[in-house]
Amino acid sequence: MSLNVIILAAGQGKRMNSKLPKVLQPIAGMPMLGHVVEAGRALSAERMVVVYGHGGEQVKAAFARQPDIRWAHQAEQLGTGHAVAQALPDCSEGVALILYGDCPLITASTLQTLLAAAGDNKLAVLTAVMDNPTGYGRMVRDSAGQIVRIVEQKDASDAEKAIREINTGFIAAPLTYLREWLPRLKNANAQGEYYLTDVIAMAVENGVAVTGVIAADVWEPAGVNDKRQLAELERVYQRRQADKLLAGGVTLLDPSRFDLRGTVEHGQDVEIDVNVILEGKIKFGNGVKIGPNVYLKNATLGDGVVVKANTVIEDSIVGAGSDLGPFARIRPDSVLGEKVHIGNFVEIKKATLGNGTKAGHLSYLGDAVIGERVNISAGVITCNYDGANKFVTTIGDDAFIGTDSQLVAPVTIADRAYIGAGSTITKDAPADALTVCRAREQKSLLGWKKPQKITKA
Ligand code: UD1
Ligand code: CA
């Protein structure tokens, strides 16, 4: 039986007070609509149709590289039933599953339960039981407990308003029925809208079974209308991810102060301190330790890597046994070998550092190819930019670069070269020699007088 996922995403989301359309507002760095699309993909839907309206071009552009999505335009928001009707021409046969672009926490496993309840000839509605059901459509059941219809808050009697079982909006229904019933919806209700929920009463009238599935987790079907709810769901989502990592053996010193905006693959005994943000694709080997306030984006860290407090690593690879920080910054396209040591206030950009190389303090290493066991002393700078172009600095194995030296690229320091402290190196330095370039003599002016502070009259 083929599955057609229909995602409603035409609403404006005025209460967001934002130029960004509501369904593009992110949860864990990904648009809410993206999370819903992923849930649809996880169900191996044959077709996925997004009903869009407000901010349509912007929404479509954000998903331009996802060609499995079909787009159905709803020019005017005349109600959820009208919205679903716009998607029908893009659907094949089989079952339709209605999802919402602003309900990002729904999981594929809950949707699978809903689909199983619907089978190929029933309607299934995901419901939830709430202490305060205000605002939601209520599930009206008969004395035998069978669902008979859904009544919207604005159309409900006082007795119906007292019902605590609500419609989450997630509905699975055979397409043949929807094709028959949606054109027959009326908008004679308090909101003047074509309600999708009215198909429930139509099913009952036509002798089609309706089953309810009660959501086990009330957060799953939760929708977002404003930034407060967005922030709330962000925390729920982050907690879920943290729990998955904890279950996989990762130590999180405080799961409530951990953010993952992407994916992480990890070995055993990884330890993560508080306020760590992981973005994009992260890979950790065994025994990796991440200190507090660390930001990592698209980073691969080998076994036993230790990242100390306040370090930033982006689009880079760090070899096993290396340690970085505190306060180190590794910019994109850097590849650090094994047992590399990077200390505080060291910036590395588009550089390769061989095994065992050390840069302990206050350096800038950009556009550099650096060998193994090189010692980069405090304050060393690769001068990679002449104001117009960038050039490469090459340093051989076992070289020693003295404190406060500038290497003016393009320049090559040979294996085992030794650069004296305070040198400005503009020409290649040979192997096995001391190269120094600084003011030759040290002078002391005897009888020199310290400047005096001028006192104003
Ligand atoms: C809807 C349900 C209600 C349920 C609630 C759960 C109906 C009639 N009511 O009410 O029973 O308890 O959701 O949150 O279905 N949308 C469109 N086009 C439209 C109208 C809506 O795309 O013409 C989209 C909205 O962007 C939104 C979703 O459908 O994502 C729900 O619409 P909304 O107007 O918020 O419905 P509710 O009144 O909350
Ligand atoms: Ca709503």
Side-chain angles (χ1 to χ4, degrees), residues 5-16 21-25 31-33 35-37 49-56 59-60 71-88 90 96-106 114 123 125-130 132-140 147-156 160-161 163-173 178 181-182 185-202 210 212 214-215 218-226 229-230 233:
V5 165
I6 300 173
I7 304 174
L8 303 194
Q12 188 174 10
K14 264 194 202 141
R15 280 175 283 166
M16 281 289 171
K22 176 156 91 165
V23 295
L24 293 186
Q25 303 278 337
M32 289 198 280
L33 180 56
H35 288 274
V36 182
V37 164
V49 187
V50 175
V51 180
Y52 70 101
H54 282 282
V59 175
K60 277 166 86 169
W71 298 92
H73 189 233
Q74 186 191 26
E76 268 188 289
Q77 277 67 68
L78 301 179
T80 49
H82 180 262
V84 172
Q86 308 313 302
L88 293 185
D90 283 297
L97 177 65
I98 317 300
L99 311 182
Y100 299 85
D102 57 0
C103 298
L105 299 196
I106 194 73
L114 191 67
L123 266 66
V125 183
L126 185 70
T127 74
V129 178
M130 295 201 162
N132 178 10
T134 308
Y136 292 96
R138 308 295 207 282
M139 303 306 300
V140 180
I147 294 169
V148 291
R149 63 193 178 94
I150 295 174
V151 61
E152 291 304 296
Q153 164 90 20
K154 288 183 178 148
D155 303 295
E160 287 163 343
K161 280 182 188 147
I163 299 171
R164 288 172 48 232
E165 187 187 9
I166 61 105
N167 166 36
T168 66
F170 292 87
I171 291 174
L178 292 181
W181 297 335
L182 291 182
L185 289 177
K186 299 275 184 310
N187 65 351
N189 50 51
Q191 304 186 79
E193 289 182 7
Y194 297 95
Y195 292 163
L196 173 65
T197 45
D198 284 350
V199 300
I200 304 301
M202 288 174 165
V210 179
I214 298 178
V218 290
W219 288 110
E220 272 202 40
V224 171
N225 293 310
D226 55 30
Q229 290 167 336
L230 187 70
L233 292 205

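Order of listing sets the numbers, starting from 1, for every ligand and every atom in it. The shown structure was predicted, so the numbers you read here are calculated from the model rather than taken from an experiment. As a basis for the values below, the full set of heavy atoms in this structure was taken, side chains included, without hydrogen atoms, waters or symmetry mates.
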Got an N/O contact under 3.5 Å between [X] and ligand 1?
| X | value |
| --- | --- |
| Gln74 | yes |
| Glu193 | no |
| Glu76 | no |
| Leu78 | yes |
| Gly79 | yes |
| Tyr100 | no |
| Leu196 | no |

Indicate yes or no: at least one non-hydrogen side-chain atom of [X] is less than 4.5 angstrom from one of [Y].
| X | Y | result |
| --- | --- | --- |
| Leu126 | Ile106 | yes |
| Met202 | Leu185 | yes |
| Glu193 | Thr80 | no |
| Asn189 | Glu152 | no |
| Gln74 | Tyr52 | no |
| His54 | Lys22 | no |
| Leu196 | Leu182 | yes |

Do any heavy atoms of [X] fall under 4.0 Å from ligand 1?
| X | result |
| --- | --- |
| Val51 | no |
| His82 | no |
| Gly101 | no |
| Asp102 | yes |

query = With no hydrogens and no angle check, is any side-chain donor or acceptor of Asp155 less than 3.5 Å from a backbone partner on Ala190?
reply = yes
[atom2] on [Y] to [atom1] on [X], rounded to 0.5 Å:
| X | Y | atom1 | atom2 | answer |
| --- | --- | --- | --- | --- |
| Leu8 | Tyr100 | CG | OH | 5.5 Å |
| Leu114 | Leu123 | CG | CG | 10.0 Å |
| Tyr136 | Ile150 | OH | CD1 | 14.0 Å |

As an exercise, identify every atom of ligand 1 less than 4.0 angstrom from a heavy atom of [X].
| X | answer |
| --- | --- |
| Thr168 | 6 (C) |
| Tyr195 | 8 (C) |
| Glu152 | 2 (C), 3 (C), 7 (C), 8 (C), 9 (N), 10 (O), 11 (O) |
| Gly11 | 22 (O), 26 (O) |
| Gly137 | 3 (C), 4 (C), 11 (O), 12 (O) |
| Thr80 | 7 (C), 8 (C), 15 (O), 20 (C), 21 (C), 29 (O), 31 (C), 32 (O) |

key: The single option from Arg138, Gln153, Arg149 passing side-chain hydrogen bond (donor to acceptor under 3.5 Å, both in side chains) against Glu160   = Arg149
message = Heavy-atom pairs closer than 4.0 Å: do any link ligand 1 to the side chain of Ala83, the backbone, both, or neither?
response =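 The side chain, only.
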Gln191, portion touching ligand 1 at heavy-atom distance under 4.0 Å = neither
